[in-house]
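Reminder, nothing fancy here: chain letters follow the sequence lines and each chain counts from 1.
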Amino acid sequence: MPELPEIVCRAREMNEELAGRRIRAVAVKQPKCLNVPVAEFARGLSGARVRGVTNRGKWLFVDTSSGHLLLNLGMGGEILLVPSDDLPEVWRVRLDLDRKQSLSVNFWWFGYAHYIAAGRLDEHSMPAALGPNVLDVSLAEFRRLLRGRRGAVKPFLLDQSNLAGIGNAYIHDILFRARLHPLEPLTSLSPKAVRRLHGAIAKELRRSIAKGGAFYEVDLHGHPGGFRETDLLVGYREGKPCPACGTPVVKIKTGSTASFLCPRCQPLSG
DNA sequence: ATAAGTGTTGCGCA
DNA sequence: CTGCGCAACACTTA
C-alpha cells in the first residue's frame with residue numbers, strides 16, 4: 001500500500017533523521033528479501049555512514065559511505081526509528097545506529113532490502129528498470145512517453161517501467177479527476193485528455209504528500225499520515241455517490257486489480 | 001471456521 | 001510490445 005506519497009514522505013524523514021549517522025550493525029530476520037547473502041549484506045553496511053536518502057518511484061535509496069541500501073515495502077510495511085532496547089515485535093531487517101537507536105524495517109507480505117556496492121548502482125536490474133519519477137515528468141515528456149503505445153490507460157500508469165510511482169490506491173482518483181475509464185485505450189486519448197491526466201496525477205499525489213501520506217501508513221515515529229478516507233473521491237467508495245454527479249460509484253475488475261469509478265463521469269469511449 | 005480479498009513486483013508464457 | 005496468470009507471506013472481513 002505504500003505508494004509514491006508515502007515513500008516521498010519517508011525519504012524526507014529518513015534523510016533528516018539519518019544523514020550523517022553511523023550504521024553500527026545490521027540484523028536480518030528474513031533473508032529472502034535480500035539480493036545477496038546475509039553475510040555480504042551485513043558486511044557491506046556495517047560501519048557505513050549514511051549520506052542521504054532519496055526515492056525513485058516506490059523505492060527508497062539509502063546512500064552510504066560504502067554502498068547503497070534499496071528498500072521497497074511491497075504491499076505495506078513500516079520503517080521505524082526506535083530505541084535499540086525497545087524494538088517492535090516484528091521486523092525483517094534492522095539497522096543498529098549510533099545514539100542507541102535502530103531503524104526497524106518491516107513489511108507485511110513481501111518487500112525488498114537490497115545492497116549494492118558503491119559505484120554498482122547501474123548494474124542492478126530493479127532500479128534500472130524504473131521509469132522516471134512520475135512527479136518529475138513534464139507534460140511534453142508525458143506525451144512522448146505515451147506516443148505509439150498500445151493497451152489501456154490503467155495498466156500503462158501502473159507499469160513502473162513507464163512511470164515510477166503510481167499504485168493501485170491512488171489511481172482510482174487520478175482517473176476520476178481526469179474523467180477517464182481505466183480501460184480506455186491509450187490510442188483513443190485526445191490531447192486534452194492527456195493534459196487532464198497529467199494534471200490529475202500531479203494534483204492527486206501532491207495533495208497526499210502535503211498531508212504526510214495515507215492514514216494507513218505511519219512515519220518513522222509511528223504517527224499515521226493525514227491523507228484520510230474522507231479525502232478519497234471514488235476510490236474504495238463502492239455504492240457511495242460520485243462527488244461530481246451523485247451517480248453511485250461502481251467497483252469493477254480490470255485485469256488482476258479492482259477499479260473504482262463513476263460510470264457517468266468516466267465513460268468508456270473506446 | 002474456512003476462505004477470499006488486498007496491495008507490489010518480476011517472471012514465464014502466449 | 002502486450003496481456004495474462006502466478007507466487008511470495010499476514011491480516012482483516014464475509
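Salt bridge annotation for A:Arg10-A:Asp219: absent, with no cationic side-chain nitrogen under 4.0 angstrom from a carboxylate oxygen.
The nearest heavy atom of DNA chain C to A:Gly148 and to A:Ser256 marks one nucleotide each, and the one closer to the 5' end goes with A:Gly148.
Dashed line: the shortest gap from a side-chain N or O of A:Asn168 to OP1 or OP2 of B:dT8 is not under 4.0 Å. In this model, the phosphate group of B:dT6 is approached by a side-chain N or O of A:Lys253 to a distance below 4.0 Å at OP1 or OP2. Phosphate contact (OP1/OP2 of B:dG7, side-chain N/O of A:Tyr236, threshold under 4.0 Å): present. Checking the phosphate oxygens (OP1, OP2) of C:dG3, no side-chain nitrogen or oxygen of A:Arg150 falls inside 4.0 Å. Residue A:Lys154 has no polar side-chain atom (N or O) positioned under 4.0 Å from OP1 or OP2 of C:dT2.
The aromatic rings of A:Tyr236 and A:Phe260 sit tilted relative to each other, their planes meeting at an angle between 30° and 60°.
When rounded to the nearest whole Å, the span between CG of A:Leu73 and C1' of C:dA8 equals 16 Å. Put simply, OH on A:Tyr216 is 16 Å from P on C:dT12, counting in whole angstrom units. Taking atom CZ of A:Arg149 as the reference point, atom P of C:dG3 lies 9 Å away to the nearest angstrom. The nearest whole Å value for the distance from the CD atom in A:Glu217 to the C1' atom in B:dT6 is 13 Å. If you measure from atom CD of A:Glu238 to atom C1' of C:dT13, you get 14 Å, rounded to the nearest angstrom. A:Lys29 places its NZ atom 12 Å from the P atom of C:dA10, with the value rounded to the nearest Å. With rounding to whole Å, A:Asn106 atom CG is found 15 Å from C:dC9 atom P. The CZ atom of A:Phe107 sits 12 Å away from the P atom of C:dA10 (whole-angstrom rounding).
When the P atom is used for both B:dA4 and C:dC6, the distance is 14 Å, rounded to whole Å.
Summarising the base pairing, B:dG7 is matched to no nucleotide, lacking a Watson-Crick or G-U wobble pair whose two defining distances lie under 3.5 Å. The base-pairing partner of B:dA14, taking Watson-Crick or G-U wobble contacts with both distances under 3.5 Å, is C:dT2.
Picking from C:dC9, C:dT2, B:dT9 the nucleotide with the shortest atom distance to the side chain of A:Tyr112 gives B:dT9. Distances were taken from every side-chain heavy atom of A:Lys58 (C-beta onward) to each of B:dT8, B:dG7, C:dC9; the shortest belongs to B:dT8. Candidate nucleotides B:dG10, C:dC1, B:dG7 were compared by shortest atom distance to the side chain of A:Met75, and B:dG7 ranks first. Here the side chain of A:Arg92 is nearest to one of C:dT2, C:dC9, C:dG3, namely C:dC9. Picking from B:dT9, C:dT2, C:dC9 the nucleotide with the shortest atom distance to the side chain of A:Gln160 gives B:dT9. Picking from C:dC1, C:dC9, B:dT9 the nucleotide with the shortest atom distance to the side chain of A:Asn72 gives B:dT9.
Within a 6.0 Å radius of CZ in A:Arg207, other residues, nucleotides and ligands contribute more than 12 heavy atoms. By the 6.0 Å contact criterion, CD on A:Glu229 is open, its count of non-hydrogen atoms from other residues, nucleotides or ligands being 12 or less.
Among the candidates A:Arg22, A:Arg49, A:Arg21, the single residue satisfying the salt bridge (charged side-chain N to carboxylate O under 4.0 Å, His left out) test with A:Asp98 is A:Arg21.
Ring centers of A:Phe227 and A:Tyr216: at least 6.0 Å apart, outside the cut-off.
Within the nucleic acid shown, A:Phe156 has no heavy atom closer than 4.0 Å to any nucleic acid atom. At the heavy-atom level, A:Gly111 lies nowhere under 4.0 Å from the strands shown.
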